[in-house]
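First comes the structure, then the notes that go with it.
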Amino acid sequence: MPKKKNNIADAFWKVFQPLPNLTVSEWAERYRVIPPMKSAEPGKWKNDRTPYLKKIMDAFNDENIEEIVFCSATQVGKTQVILNMLGYAVDFDPDSIMVVYPTEDTGRDVFRDFIDPMINSSRNLRNKKPDNANDYTLTRISFKNGATIFLAWANSPASLASKPIRYLFLDEVDKYPINAGKEASPIELAKERTSTFWNRKIVMVSTPTTESGHIWQAYEHADVQYHFYVPCPHCGHYQMLKFEQVRWENKTGTFIEAENTAYYECEKCGGKIYDHHKPKMLLKGEWRPDKRIRNYKTVAFHLSGLYSPWRTFGQFARKFLESKNQPEKLQNFVNSWLAEPWRDNTTLLKQEEAIESLKTHIQGEMGLVPSDAVALTAGVDVQADKMYFVIRAWKSDYTSWLILEGVVEDFDTLESVLFMNRYKTADGDSMAVELACIDSGFRTKEVYEFVAKHYPYARAIKGASTDLAGRPYSLPSSETKKQVGPAAPYIVNTNFYKDFIYMRMRIPPMESGSWYIYNGVSEDYLKQVTSEVRVLNKGKVRWVKRTEHAQNHLWDAEVYATVAADMLQVPFRKKNKEQKTIVVKKRKHKSNWISGGGGWL
Ligand SMILES: [Zn+2]
């Protein structure tokens, strides 16, 4: 493959280029200096500190290997893997290089904090810096020896396009968008740039997100998959480090006790392995392949944070205990600390299993409000011939109890359930529904009339088609307010509230913030509330029905009742005997819902 020579200086550098007879890890040890900024351990690069990185880096020198995949935890040195390969390529085998970051902001940060300091602190690279400042920019560095680094962003198809690239580095790929603008996947787009080079190298690095994320897919489809094995200091048995083997004491129930008592138990001899054993174990460690295909071209490495010389077993125990009851935090622990994809067992539960799990959250009786509730809210999902509703009681920590669920056939009946009833509290008092959120996506005009009549105790809402820039709900626009009046709908990010409920459902009963249903709740309710599953893909959450025709109206009603609790700001509520009572005018209403509807009285 002939290369274009820019000028005489380039030619000169090529001729006097020493032969690349070092591997990347040897190059790093000889030439790489870590500047004091942004690093726990500045100074000359030492392979012995993170011995597991050596084989990954040296895969870059293996002529047979075209693609290197590194699925890893944070805090193991994965940024340095790319930097050392980059430095080596510039110094020893100059050609066109592209490094892709998820966004321009991350690219700018990495350039400022790592790439630029690396070039300036390593003599071999510094000597090759271009004289002209225009050749040394964020998006392009053209070295004197013919090496060029292009920085690109996965969310910008333009930056990924057009140049032929021999070395492609894809960093934090699980943060890439699914598509780059209207075009194909940013990874495919970038890979196309390398197609003319027989000796191309593609390096893909990330902490994983889900099994369908970029890095886990690349990992699973690699020809060879390596795991790191280290020997037990007591019996010498080689094993992969797994979080299941971390042990701790938790008598006082404090995280600090767990952190201070943690150790790793050898899977063979049961011997206690402590943090001070780790450096020696790492030095004797070996990468062993799980599966191997002959004539392999892609190799994948998986590394848990348990191997990190900068993290203790105690920190793992503590982080786990701090995260275990909150799905978002637990996912972060699984992804960033263990380098495992998030396999959500709850949403992967079959519906029958999900229902059984829900039944462990039964507390109290239908229609009876616990004495420490600070508010009652309702949610209503409106269909062509029916309206599904739930009424829920809330404590200020968002602990909540289902008070009533059911289905009614007309707005008069709905009015009596929501606004003409007070619900008995356990301490002999009673409470009224303070806010009902009613879906206005369907039978819109009737919903508006109903809401206007009961304003401010009722609000119309509408599911959002976007993620509302991260907000849970947004106020009606002044335009709709003008047209519709007080019934103008609030726009709600339903995925956000479904996540919120889902998180509450997973808090064990009796703990703060737990989510309850009552004894004798209908089969229909159980089915509808478990009718959807949470799908997390490329960092975006969506809730989808298990089956196309599943009924999910009571699940939606739960979402709207939760929106209402959020609007009332229940965390700021205090239990107050003189609680605001809602005066409802007595009016005649059809009573067919008592016998005909849910039959709940
Ligand atoms: Zn052992």
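Note that the numbering runs from 1 along the sequence shown for the chain. As the structure lists them, so they are numbered: ligands from 1, and atoms in each ligand from 1. All figures in this text were calculated on a predicted structure; none of them were measured in a lab. The figures here come from the full heavy-atom set of this structure, side chains too, leaving out hydrogens, waters and symmetry mates.
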More than 12 heavy atoms of other residues, nucleotides or ligands under 6.0 Å from NZ of Lys545: yes or no? yes

Only counting residues at least two apart or in another chain, list the ones meeting side-chain hydrogen bond (donor to acceptor under 3.5 Å, both in side chains) with Glu192. none

Residues at least two apart in sequence or cross-chain that pass salt bridge (charged side-chain N to carboxylate O under 4.0 Å, His left out) with Asp499, listed by chain then number, are Arg534

Mark yes or no: Lys55 above the aromatic ring of Tyr226, with NZ or CZ under 6.0 Å from the six-membered ring centre and no more than 45 degrees from the axis. yes

Residue list, side chain to side chain contact (heavy atoms under 4.5 Å, CB included) with Thr79, at least two apart or on another chain: Leu83, Phe114

Within this structure, what is the NE2-CG distance for the pair His227 and Leu303, rounded to the nearest 0.5 Å? 10.5 Å

Closer than 2.8 Å to the Zn ion (ligand 1), what protein N/O/S atoms do you find? Cys232 SG, Cys235 SG, Cys266 SG, Cys269 SG

